[in-house]
Amino acid sequence: MTQDSGNRFGGGGNRRGGQNRRGPQRGGRSGGPPSRGRGGPNRGPRNAPLAAGRTSAVTVRTRRIIELPPVMSVKDLADAFSISPPQVIGSLIRSGVMATINQQIDYDTAEIIATELGYQTRLVVPQTDEERLISQLEQPVAEAALQTRPPVVTVMGHVDHGKTRLLDAIRQTNVVEGEAGGITQHIGAYQVEIQGRKITFLDTPGHEAFTAMRARGAQVTDIVVLVVAADDGVMPQTLEALAHAKAADVPIVVAVNKIDREGANPDRVKQQLSDQALIPDDWGGDTPFVNVSALTRTGIDDLLGILLLVADIREFKADPTRLAEGVIVEARVDPNQGPSATVLVQNGTLKLRDSVLVGGVIGRVRMMYDDKGQKLRKAEPATPVRILGLESVPAAGDSLMVITDERLARQVADQRARTTQIMSTATLRPATLDEWFKGASDTSKELRIVLKADVQGSLGAIQHSLGQLTETNVNVSIVYSGTGTISESDVRLAAASGAIVVGFNVRPDVAARRVAESENIDIRFYNIIYNLIDEVKAALTGMLDPEFREVTDGYGEVRAIFRLPGREQAAGVYITDGRAIRNSKVRVLRNGAVVHDGSISSLKRFKDDAREVATGFECGLQIQGFNEFEDGDNVEFYHREQVRR
Ligand code: GDP
Ligand code: MG
């Protein structure tokens, strides 16, 4: 799957307000019906489901091509095909989806039913009430009013490489003498001034948060500073940060930190990042590298200078004369002040007493503070401010929009609340390799992969083999590769970049699996390189064999190991998630890597054989042909089921 086919319906219920909907770069709405691929995961609820008040969700255009919306009820679908709802329900059940007559199903599911019934369908995204309302709130773009605005910068990098310290150093460099102690408030973002110009820094939000925000359509960062400790070099989270930054398509400035340390080797960092196609500008590439020490505050001014230079080249602009638009950076309830939200103003000027629409919440800017806690009356583009006066707490990544027509805005807010509700009850099928192929024929020609493997050696071999797949006219692009457990960050990256996750001899942790489920991300597992390559090849050429899907039943932790006669072992296992089922298959995991994959030979509760053991209980586990348990091993119980194509 790719960006566009990833989740054709503008995402799951957790994605709320669209962002940048009214940005200066946005052109007018085009006339005709949007194509199937329109509105990738970055679009928020623009592809939102049926507008309230529409009488029929479905239009029959020609005899056999039926236009369907992104989400519809079983009854709507039956009406479209002129068959009875029970027939549709029967067809759904045969496809493995349990549904009732009023259940909302997504377009992909409907399409499968349609194919079975001999119809062709086309996805049509109706303009929702929300879109119609929003378009009335839109302001025309005035090119002439555009002015240079400060750049917005996010600092990313491996843990302990000095992100926090660097941000502190930058803040202190900026303390104007005599300023009340220069104490900055924690509001999640702040501005510094250098050479009479401003730079906005977002407090390093963690890679997942960065990408989660981006997946919701909030592109908040203009420049990423990648911090790498000169004595440690490129580490796994450095690569992860790099992948997130590349996926966001923002310029990267590398801060080689801790150059005061003995053993600091900035050239090695350059070499390592060159291997990742991040070529230093003094080596003929276009990535600025700056040597800094956050401790001794060496090189901080150079770094800020470079950021201004990048800003000059990119010419970040906004129109301060407009009504403000922005994005929520963080929000909470203050015990004394009520809902409190940090907003990054992205365009226009936010003023005291402005009425605002934030996600599905309305309010009025009652108070506004800057990052030093000073009261403000107005905030221009790229300024972070804390505001009071919202009716409830918005989510990070929600968009903010100043409104003049409160009645209209209230309708938008209501509509958004409804959208969120419908989306969260819709049955969304996972995006799979197979589906990607179906979409590939019309829209996308690139299969994106987030690749995780047990050891560096297998990574190299897999990358090499995938690179050799030249017989098709489809590209395989590896968005990110790394070793170890498939993490939440990997899955979020895949979600934001329209990729599938491929695990070679590694498994996801519980958090990763949850996100994969909620974001409908396909994770595929292999333990033989040939199988992996073969299956990707088959997907590229549209010849996938019947697919077996793995279903995880539960996870457990090995808490004790017992020796039995005949050199056999049993493990005392505590079930941490899901359940253990006697007929399940079982994997033994050590630090995320698979050390054994086999069958259960015995599952006991106390002395008795057990058919099933639930979360929070302990059991005795023996695995056929496996007697090498170690303390701290994890086990995963799973079974396979065939997936209908
Ligand atoms: P983060 O996890 O990336 O936010 O890293 P921190 O900013 O918390 O820094 C991790 C450790 O490295 C702390 O003990 C810092 O004091 C130290 N540190 C950060 N920058 C430098 C530096 O430039 N030189 C030296 N010697 N130590 C540093
Ligand atoms: Mg830190």
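Fair warning: this is a prediction, and the values are worked out from it, not measured in the lab. Both ligands and their constituent atoms are indexed starting at 1 by order of listing.
- Less than 4.0 angstrom separates some heavy atom of Asp160 from each of these atoms of ligand 1: 1 (P), 2 (O), 3 (O), 5 (O), 10 (C), 12 (O).
- Contacts between Arg261 and ligand 1, counted as non-hydrogen atom pairs separated by less than 4.0 Å, involve the side chain only.
- Note that the CG atom of Leu273 and the CH2 atom of Trp283 stand 9.5 Å from one another [nearest 0.5 Å].
- Close contacts between ligand 1 and His158 involve ligand atoms 3 (O) [criterion: under 4.0 Å to a heavy atom].
- At a 4.0 Å heavy-atom cut-off, ligand 1 touches Leu295 through backbone and side chain alike.
- Interatomic distance, CZ of Arg386 versus CG of Asp371, reported as 11.5 Å (0.5 Å rounding).
- Classification of Arg332 and Glu330 as a salt-bridged pair fails, no side-chain N sitting under 4.0 Å from a carboxylate O.
- For Val159, no nitrogen or oxygen atom sits less than 3.5 Å from a nitrogen or oxygen atom of ligand 1, counting backbone and side chain alike.
- Listed by number with element, the atoms of ligand 1 under 4.0 angstrom from any heavy atom of Thr164 are 4 (O), 7 (O).
- Test Asn257, Thr298, Asp260 against Ser293 for side-chain hydrogen bond (donor to acceptor under 3.5 Å, both in side chains) and you get one pass: Asp260.
- Between Thr221 and Val224, the shortest heavy-atom distance links the atoms CG2-CG2, 4.1 Å.
- Closest heavy-atom approach to atom 23 (O) of ligand 1 among the candidates Ala294, Ala169, Ala230, Gly162: Ala294.
- Classification of Asp222 and Arg314 as a salt-bridged pair fails, no side-chain N sitting under 4.0 Å from a carboxylate O.
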